[in-house]
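Report on the structure given below.
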Amino acid sequence: MNNLFLCSTITTTPLIASVCAPDECSLQLSKALKQVVDMTGALLDRPLKLEPYMSQNFMGFFVAEEDANYLKRLALQYVKEVSNSIISDTYEQLDAIVACFPWCGAVSSGTRCIPRSSRSISLEPHVKSLHLTLAYQFPQAQFNALKALVETLDAGCASNWELRLYSRDPRLATKQVQKVVYPHNPHETDELELRIGDYIYLNTEVVDSSSDGWAEGISWLTGSTGHLPVNYTERTAESDAWTLHRVVQLSKSVASSLTSAEDLDIVDGRSISTEPEDRQNTAHPDIIEGSSFEESEQSVEKYLRQTLKPCLELPSVQLLNSHNLTHQHNPNTPTIEITTNMSSSSTSASKQPVDEILVEPPAAQPPRPDDTLSVHSDHSLHPGSLDASHAKNRKIYIMRHGERVDFTFGTWIPYCFDEFGNYMRKDLNMPKTLPRRKNSPEGWQNDSPLTNVGVYQANLIGQALLEAQVQIDHVYCSPSYRCIQTCTSALEGLKLTGKQKIKLEPGLFEWMAWYPSGVPDWLTKNELTEAKYDVDLDYEPVQPSSELTARLKESTEQFYERNHDVILQLLEQTTGNILVVAHATTLDTCSRQLTGGVPRSTNELRQVIHKIPYCSLATVEQVDGVWKLVEPECLPVTHSKNPRFEWNALSAT
């Protein structure tokens with residue numbers, strides 16, 4: 001069963017009536033709405049009078065009493081019309097309401113479609129104060145700014161007033177609506193697929209209490225339930241997920257907000273116009289006052305302009321009318337012709353001029369060095385094509401480590417070490433060997449190695465940076481083993497092995513609030529050297545690991561400040577380009593304040609790290625003394641999850 005709302009709209013939607021009815025009643029409810037508006041004197045010939053109202057927690061407009069009575073009369077008449085034509089029950093409650101509002105007129109009769117015994121439909125006209133909300137429960141610090149904005153609004157301007165009939169599922173009334181902004185393909189059976197254009201219903205309490213940014217939601221499009229990353233969606237108006245059934249104009253001289261008759265005259269795939277006179281009016285629908293064929297043609301042209309420009313990214317789009325079609329243009333230039341379908345009775349003199357959009361082809365661009373799909377890639381082209389100013393600008397390349405063993409295999413240590421502490425690989429994606437460390441295997445608990453896929457991811461990034469001819473002058477790395485592995489593999493791809501030593505900087509480590517038991521027991525420099533990792537033994541870190549011990553309870557802001565201070569000191573101590581290899585948070589904590597931003601809150605940080613997959617690379621460039629986030633020179637690396645194969649599944653009966 002759906003709740004059906006009758007709304008009068010300018011920029012917000014005050015509710016003036018609600019009906020709880022089965023889905024099959026939507027056709028009759030839509031017809032009843034049109035019949036009420038068709039009554040004598042229903043259409044407006046002037047804007048509704050709105051009275052501004054401002055308080056410490058509300059700003060908006062109240063509908064003036066005279067016009068509010070007009071809207072309430074429509075609401076009452078609509079409810080009585082529905083009662084008469086659908087329910088055909090007693091009017092005792094409605095008559096009591098009408099007694100309070102004697103200006104409410106009679107209703108038209110209709111055909112009964114539901115037996116008198118039906119009690120599944122409830123009706124409620126909203127006759128309280130009608131208002132348009134502009135701001136509600138806002139911070140007091142914003143009062144003056146909001147007040148100034150509201151005072152600039154002209155409540156007496158011509159406005160487009162409509163009656164709209166919406167429906168929604170009442171079972172979802174207590175949930176918040178989120179719009180999908182990033183697609184998501186499920187990796188587990190309990191995950192929900194996210195599609196652009198879909199809406200997700202979420203429980204507010206679950207979202208607020210989520211510790212990892214995931215929550216269970218319901219898809220508006222499919223009705224499926226599953227877990228999803230909340231930061232792939234954004235909060236939107238609840239009405240965005242409502243279903244629009246009918247729009248009826250209330251203003252005589254103002255065009256409808258919809259330009260298609262089909263949008264207004266169809267309910268659930270069926271035509272509303274069932275009477276002969278209704279079918280006769282289909283060619284010139286009276287429910288779209290103010291619209292015309294010319295406006296429809298302009299809408300098509302506007303749609304083509306808006307659609308072509310972003311898709312083709314063309315430098316210019318030229319519109320030619322019939323009077324300038326004789327102008328010469330390149331015969332190879334593609335054209336899009338907008339023509340008008342005319343009836344056979346139309347004369348040639350009455351035909352509309354033909355418009356065409358001339359699309360100039362884009363100039364040929366040299367292939368990018370990382371464009372592996374281009375068969376014309378030639379490294380000799382790139383040095384000369386590089387902008388000299390950009391070549392001189394200083395850059396910081398901030399990279400997240402690759403895929404880690406513990407996040408891929410879960411609790412892996414008990415299964416991969418025998419009673420004597422010897423490592424045994426249990427999957428081809430696990431490393432063949434692990435370096436010796438004094439506290440093995442316990443030390444791997446908070447210092448996970450990379451998977452073989454993670455090592456390969458990092459090497460791909462290094463190769464792409466090499467092809468883009470990126471110059472690296474200094475290399476800094478978090479002391480986590482997964483970051484050291486990532487850095488080593490990326491340098492191999494860059495062909496900088498033996499040319500650039502890795503400087504271990506504890507100040508680049510993750511947020512210490514995630515490590516309440518203390519700083520992880522990382523591999524020592526001697527253990528790393530024994531394992532053939534080329535670390536700089538002489539480097540003195542900006543923040544030694546001993547300082548992290550005092551930061552076990554650091555706030556989010558202190559975490560941002562720590563990483564920001566480190567990056568500032570590294571910039572001060574060096575010249576040239578810097579490669580930083582660390583964690584997912586590092587891409588934001590080392591760049592946000594550097595580029596003029598402020599530290600994020602804890603919830604914001606949790607949301608942003610879900611958008612930073614393994615081996616993500618951020619580039620910050622100094623342009624005219626100002627640091628800016630820019631597009632990296634290399635492509636990202638993307639792949640799907642590959643679950644473990646159990647061979648005996650094939651023998652299961």
Side-chain angles (χ1 to χ4, degrees), residues 313 362-403 450-478 482-503 532-534 570 574-584 586-587 590-591 611-623 627-640:
E313 296 181 351
Q365 299 291 336
R368 288 180 54 176
D370 54 17
D371 185 2
T372 57
L373 299 180
S374 175
V375 297
H376 304 293
S377 297
D378 185 352
H379 291 284
S380 63
L381 292 175
H382 306 305
S385 62
L386 289 175
D387 190 332
S389 62
H390 285 277
K392 296 178 181 178
N393 291 338
R394 194 177 187 190
K395 295 182 180 180
I396 307 173
Y397 299 91
I398 311 172
M399 182 178 176
R400 187 195 176 185
H401 60 75
E403 183 183 74
L450 292 184
T451 64
N452 289 330
V453 168
V455 174
Y456 181 63
Q457 290 171 323
N459 190 267
L460 285 177
I461 296 296
Q463 292 180 37
L465 292 175
L466 175 66
E467 292 176 1
Q469 298 189 348
V470 168
Q471 179 179 337
I472 300 297
D473 301 297
H474 306 277
V475 180
Y476 296 91
C477 183
S478 165
R482 58 188 177 274
C483 299
I484 298 171
Q485 284 184 287
T486 302
C487 190
T488 299
S489 187
L491 291 177
E492 289 176 358
L494 275 161
K495 298 191 182 302
L496 292 178
T497 303
K499 299 177 182 179
Q500 288 287 351
K501 290 187 177 293
I502 302 174
K503 301 177 179 64
K532 307 301 182 184
Y533 289 100
D534 194 11
L570 296 183
T574 61
T575 58
N577 297 338
I578 296 176
L579 172 64
V580 173
V581 180
H583 309 273
T586 313
L587 276 72
C590 284
S591 65
K611 300 176 184 178
I612 306 174
Y614 294 126
C615 282
S616 295
L617 181 71
T619 304
V620 189
E621 182 179 12
Q622 189 178 36
V623 182
W627 289 96
K628 299 179 180 179
L629 274 171
V630 296
E631 182 181 1
E633 285 90 337
C634 72
L635 299 171
V637 55
T638 308
H639 56 81
S640 63

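Heavy atoms only: backbone and side chains are in, while hydrogens, waters and symmetry mates are out.
- Distance check: Y397 OH to L494 CG gives 10.0 Å after rounding to the nearest 0.5 Å.
- D473 places a side-chain N or O within donor-acceptor distance of the main-chain N or O of N577, the cut-off being under 3.5 Å.
- Residues V470 and L579 have side chains not in contact (no heavy-atom distance under 4.5 Å, counting atoms from C-beta outward).
- In this structure the side chain of I502 reaches within 4.5 angstrom of the side chain of L491, judged on heavy atoms.
- For H474 (side chain) and T575 (main-chain N/O), a donor-acceptor pair under 3.5 Å exists by modelled atom type.
- With N393 contributing its side chain and E621 its backbone, the two residues share no donor-acceptor pair below 3.5 Å.
- A distance-only check finds a donor-acceptor pair linking the side chain of Q500 to the backbone of I472 [under 3.5 Å].
- Within the 4.5 Å cutoff, the side chain of Q457 has heavy atoms near those of the V453 side chain.
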| task | Carefully, step by step, assess S478 and T586 under the rule side chain to side chain contact (heavy atoms under 4.5 Å, CB included). | result | CA-CA 10 Å; S478 165; T586 313; over 6 Å; no
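- Without hydrogens or angle criteria, T488 side chain to I484 main chain gives a donor-acceptor distance under 3.5 Å.
- For the atom pair CG (L587) and OG1 (T619), the distance works out to 9.0 Å, reported to the nearest 0.5 Å.
- Here CG of N452 is found 9.0 Å from CD of Q485. Values are rounded to the nearest 0.5 Å.
- Listed for the T486 side chain is a donor-acceptor partner under 3.5 Å among the backbone atoms of G402.
- Looking only at side-chain heavy atoms (C-beta outward), C634 and L617 come within less than 4.5 Å of each other.
- Partners of K501 according to the salt bridge (charged side-chain N to carboxylate O under 4.0 Å, His left out) rule, which considers only residues two or more places apart in sequence or in another chain, are D534.
- Of all heavy-atom pairs spanning G454 and C615, the tightest one is O-SG, 4.4 Å.
- Of the listed residues (H639, M399, R400), just one forms a side chain to side chain contact (heavy atoms under 4.5 Å, CB included) with Y614, and that residue is R400.
- Shortest non-hydrogen contact noted between I398 and S591 is CD1-CB, 4.2 Å.
- A 4.5 Å side-chain heavy-atom check between I396 and C590 finds every atom pair outside the cut-off.
- For the pair I578/R394, a side-chain contact is recorded, criterion being any heavy-atom separation below 4.5 Å from C-beta on.
- The local environment of NZ in K628 is sparse, with at most 12 non-hydrogen atoms from other residues, nucleotides or ligands closer than 6.0 Å.
- H583 is listed as a side-chain neighbour of R482, based on a closest heavy-atom distance under 4.5 Å.
- Between Y456 and E403 the shortest side-chain heavy-atom distance does not fall below 4.5 Å.
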